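Computed from a prediction, not measured in an experiment: that's the story for all the values here.
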Amino acid sequence: MKAKYWQKGENLDYVNKTEAMIEFGDVVVLSNRIGVAGDDILPNESGVVHVTGVFSFEKSAREEITAGTEVFYTDSGIAKEGTVKAGYVTEDSSADSVKVFVKID
């Protein structure tokens, strides 16, 4: 099997198949991983979703998460366990902090 180069893959075209607008910065679940909307995407329209980069997220619980830890996206925020992979933490986040920096991949 051969593959043909298509694009860098840092940003992907994404069709919003829902009835609600996806707003800039919204997390978009792509099966078992995430992307982040790069602009507003109207229903049945195409827009950009970032699938790499470091983003600031809220944590689902007040717990310490150290740099390098694989983390997951949940409806309540980033967590150490879950089914939708977010990426890995880029710098330590103390238990007192409500946010965490994640390299999505």
V36-I78 co-clustered via ILVMFWY side chain contacts under 4.5 Å: yes

For S56 and K99, what are the C-alpha separation, side-chain angles and deciding distance, and is it a side chain to side chain contact (heavy atoms under 4.5 Å, CB included)? CA-CA 7 Å; S56 174; K99 70 177 180 178; 3.7 Å; yes

Pairing of K85 and D105 as salt bridge, 4.0 angstrom limit: yes

Which atoms form the tightest heavy-atom contact between V89 and V71, and what is the distance? CG2-CG1, 3.6 Å

Closest heavy-atom pair, H50 versus G38, reported as atoms and distance to 0.1 Å, is NE2-CA, 3.4 Å

Closest non-hydrogen atoms of I22 and A37, given as atom of the first, atom of the second and distance, are CG2-CB, 3.7 Å

Counting heavy atoms not belonging to E70, are there more than 12 under 6.0 Å from its CD? yes

For atom CD of Q7, decide whether the heavy atoms of other residues, nucleotides or ligands shown that lie under 6.0 angstrom number more than 12. yes

Spacing of CD belonging to E45 relative to CG belonging to D40, to within rounding of 0.5 Å: 12.0 Å

Please determine whether side chain to side chain contact (heavy atoms under 4.5 Å, CB included) holds for the pair V102 and T90, giving the CA-CA distance in whole Å, both sets of side-chain angles, and the decisive distance to 0.1 Å. CA-CA 6 Å; V102 176; T90 61; over 6 Å; no

What closest approach, in Å, do M21 and D26 show between heavy atoms, and which atom pair accounts for it? O-OD2, 4.5 Å

Between R62 (side chain) and D96 (backbone), is there a donor-acceptor pair under 3.5 Å? yes

If we count only N and O atoms by modelled type, under 3.5 Å, do the side chains of T52 and K103 hold a donor and an acceptor together? yes

Is there a path from Y88 to I65 through hydrophobic residues (I, L, V, M, F, W, Y) whose side chains come within less than 4.5 Å of each other? no

Using the side chain to side chain contact (heavy atoms under 4.5 Å, CB included) rule, take Y73 and V27 through it: C-alpha gap first, then chi angles, then the decisive distance, then the call. CA-CA 9 Å; Y73 172 77; V27 173; 3.7 Å; yes

Are F72 and V29 connected into the same hydrophobic cluster when the rule is that any two of I, L, V, M, F, W, Y join if their side-chain heavy atoms are below 4.5 Å apart? no

Side chain D92, main chain A67, donor-acceptor under 3.5 Å: yes

Side chain to side chain contact (heavy atoms under 4.5 Å, CB included) between Y5 and K8, worked out: CA-CA 8 Å; Y5 180 82; K8 280 182 143 180; 3.5 Å; yes

Hydrophobic clusters here meaning ILVMFWY residues chained together by side-chain heavy-atom distances under 4.5 Å, can you tell me if I34 and V100 are in one? yes

Indicate whether the side chain of K59 and that of S97 have a donor and an acceptor atom separated by less than 3.5 Å. no

Please name all residues satisfying side chain to side chain donor-acceptor pair (under 3.5 Å) with T18, sequence neighbours left out, ordered by chain then number. N16

Are F55 and V48 linked, directly or through intermediate hydrophobic residues, by side-chain heavy-atom contacts shorter than 4.5 Å (ILVMFWY only)? no

Measuring from E19:CD to N44:CG, what's the distance to the nearest 0.5 Å? 8.0 Å

So which heavy atom on T74 is nearest to which on A79, and how close? CG2-CB, 4.0 Å

